[in-house]
Visitor: 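The structure that follows is given in the form of structure tokens.
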There are 2 protein chains.
Amino acid sequence: MTRRVGLTTERLTRAGAELADEVGFDQVTVSALARRFDVKVASLYSHVKNSQDLKTRIALLALEEMADRAAAALAGRAGKDALTAFANVYRDYAREHPGRYAAAQLRLDPETAAASAGVRHAQMTRAILRGYDLTEPDQTHAVRMLGSVFHGYVSLELGGGFSHSAPDSQESWSRTLDALDALLRNWPAPPNTPTTPTG
Amino acid sequence: MTRRVGLTTERLTRAGAELADEVGFDQVTVSALARRFDVKVASLYSHVKNSQDLKTRIALLALEEMADRAAAALAGRAGKDALTAFANVYRDYAREHPGRYAAAQLRLDPETAAASAGVRHAQMTRAILRGYDLTEPDQTHAVRMLGSVFHGYVSLELGGGFSHSAPDSQESWSRTLDALDALLRNWPAPPNTPTTPTG
DNA sequence: CCGAGTTGCCTAAAAGCATTAGGCAAATGC
DNA sequence: GCATTTGCCTAATGCTTTTAGGCAACTCGG
């Protein structure tokens with residue numbers, strides 16, 4: 001007597017993402033997932049290649065979800081409005097789905113990364129800068145800096161770095177976005193290089 | 001016939017840090033460490049409580065090392081000079097010791113964190129801001145933002161996020177520091193709140 | 001509606017890591 | 001020189017990962 005549960009790569013990935021949010025991404029294990037479906041561990045190996053494969057799929061799912069949310073948030077917005085909306089997508093997603101967010105940080109091999117929704121993120125960040133007056137290569141520098149701030153802030157906040165101390169994190173987040181907006185509106189020129197005297 | 005190797009919590013922690021730098025922090029395992037000392041696994045348990053304890057010790061070591069470097073870098077510097085020196089300590093440390101840097105990201109329980117060198121980091125970041133004209137609560141916001149940028153940038157760079165694309169990462173890093181300096185010299189006032197009409 | 005083939009989950013087994021209990025030899029101290 | 005402590009060991013358990021091979025239950029052509 002055999003009982004077919006209806007396992008699928010899809011379903012496993014989704015369940016893995018939920019599991020990650022509940023117990024943390026590094027606690028996502030093939031065994032735990034099998035338990036969740038009340039199925040023997042070996043059964044999962046018909047649907048995912050191995051543990052690494054499972055984790056990669058969860059990461060890709062998270063990247064997709066974030067990119068979708070970001071795209072929706074950016075629609076019809078520009079300037080600071082767009083910047084804020086975009087940034088909040090990251091922060092909100094990380095708070096709603098800490099495990100998925102952690103998954104999205106997984107180091108993907110170059111091909112996988114290139115085929116992931118990660119590139120959409122980069123394009124959207126660049127799109128935000130259309131509302132400001134930046135040209136290459138400053139635009140790229142700014143893209144990288146924005147990504148760093150968003151990721152860094154969210155990651156430190158999630159790690160508890162800003163809790164238990166005043167002022168509360170929401171306030172710092174708002175002021176950080178204010179500061180970034182001001183910075184982008186007034187992006188500094190490169191400082192003097194010794195080879196190009198100004199006097 | 002027994003052979004005493006001279007295991008110590010100290011030595012295990014140090015070797016664990018080296019191992020982390022070589023194979024990645026998440027590959028640091030009690031077994032691997034035992035192998036490295038050519039000793040049976042159980043022997044380590046007289047010196048570290050468990051795997052978690054070992055990892056925490058490595059994290060604390062990394063935090064100490066970074067704080068020491070930062071303190072040395074800050075001595076005799078102020079303003080942008082201090083900002084740059086401090087930031088470079090992080091980036092350089094992460095590049096020299098990726099495993100240790102990853103360890104430093106480990107989520108510590110509040111008591112451990114409070115007793116760690118992490119608080120020195122926060123104090124030093126605040127010290128940098130003495131060279132700029134910020135008062136509370138903006139100083140705290142700026143501290144958090146700086147921490148976010150440094151951590152975010154280094155972490156994305158280490159993950160390969162900025163490789164294989166122009167301009168090179170060093171350039172973006174320099175320009176990011178320029179931008180942060182400009183921002184701190186010109187930190188924006190909070191925007192109008194609807195409850196305080198300006199007209 | 002029924003037999004052939006495919007699919008889906010299973011049992012079994014090997015290997016690695018974490019952790020604990022208890023032993024014995026070597027170092028230490030009086 | 002003997003008692004004690006210390007330091008590493010053997011042994012054992014339990015969990016996770018992964019592969020190989022089996023059997024029941026669906027599916028589909030006749």
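Residue numbers begin at 1 in each chain, while the letters A, B, ... track the order of the sequences.
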Visitor: Looking at C:dG8, I'd like to know if its phosphate oxygens (OP1 or OP2) sit under 4.0 Å from a side-chain N or O belonging to A:S43.
Guide: no
Visitor: Can you tell me if the side-chain N/O atoms of A:T29 get under 4.0 Å from OP1 or OP2 in D:dT16?
Guide: no
Visitor: Counting side-chain heavy atoms from C-beta on, which of C:dA18, C:dC17, C:dC9 comes nearest to B:R35?
Guide: C:dC17
Visitor: Think A:S51 has a side-chain N or O under 4.0 angstrom from the OP1 or OP2 of D:dT16?
Guide: no
Visitor: Return the 5'-most residue of the pair A:L7, B:A42 with respect to DNA chain C, ranking by each residue's nearest nucleotide.
Guide: A:L7
Visitor: Please pick, from C:dA18, D:dT6, D:dT16, the nucleotide with the shortest atom-to-atom distance to any side-chain atom of B:R4.
Guide: D:dT6
Visitor: Look at the side chain of B:N50 and decide which nucleotide, out of D:dT16, D:dC8, C:dT19, has an atom nearest to it.
Guide: C:dT19
Visitor: Closer to the 5' end of DNA chain D via nearest nucleotide, is it A:K55 or B:H47?
Guide: B:H47
Visitor: Ignoring hydrogens and geometry, is there a side-chain-to-backbone donor-acceptor pair from B:D21 to B:G99 under 3.5 Å?
Guide: yes
Visitor: Base, sugar-phosphate or nothing for B:V5? Non-hydrogen atoms, less than 4.0 Å.
Guide: sugar-phosphate
Visitor: Side-chain N or O of A:R3 less than 4.0 angstrom from OP1 or OP2 on D:dA25?
Guide: no
Visitor: Would you mind reading off the distance between B:D38 atom CG and D:dG7 atom C1', rounded to a whole angstrom?
Guide: 15 Å
Visitor: Name each donor-acceptor pair under 3.5 Å that joins a side chain in residues 182-190 of chain A to protein atoms two or more places apart or in another chain, with its distance.
Guide:
from	atom 1	to	atom 2	distance (Å)
A:R185	NE	A:D181	OD2	3.1
A:R185	NH2	A:D181	OD2	2.8

Visitor: Rounding to a whole Å, what distance do you find between B:D26:CG and D:dT17:P?
Guide: 14 Å
Visitor: Going through the distances and angles, do A:R69 and A:E96 end up as a salt bridge (Lys or Arg N to Asp or Glu O under 4.0 Å)?
Guide: CA-CA 13 Å; A:R69 284 196 188 194; A:E96 285 173 41; 2.8 Å; yes
Visitor: Atom CG of B:L44 and atom C1' of D:dT10: how far apart are they, to the nearest Å?
Guide: 15 Å
Visitor: Is there a side-chain contact between B:S46 and the phosphate of D:dT6, meaning an N or O under 4.0 Å from OP1 or OP2?
Guide: no
Visitor: Please give, in whole Å, the distance from D:dT17 P to A:D53 CG?
Guide: 13 Å
Visitor: The side chain of A:Y45 is closest to which nucleotide in this list: C:dA18, D:dT18, C:dC9?
Guide: D:dT18
Visitor: Got a sec: does the CZ of B:R36 have more than 12 other heavy atoms crowding it under 6.0 Å?
Guide: yes
Visitor: Tell me whether B:V30 is reachable from B:L61 by hopping between hydrophobic residues (I, L, V, M, F, W, Y) whose side-chain heavy atoms are closer than 4.5 Å.
Guide: no
Visitor: Which nucleotide sits closest to the side chain of B:K40: D:dT10, D:dT17, D:dC8?
Guide: D:dT10
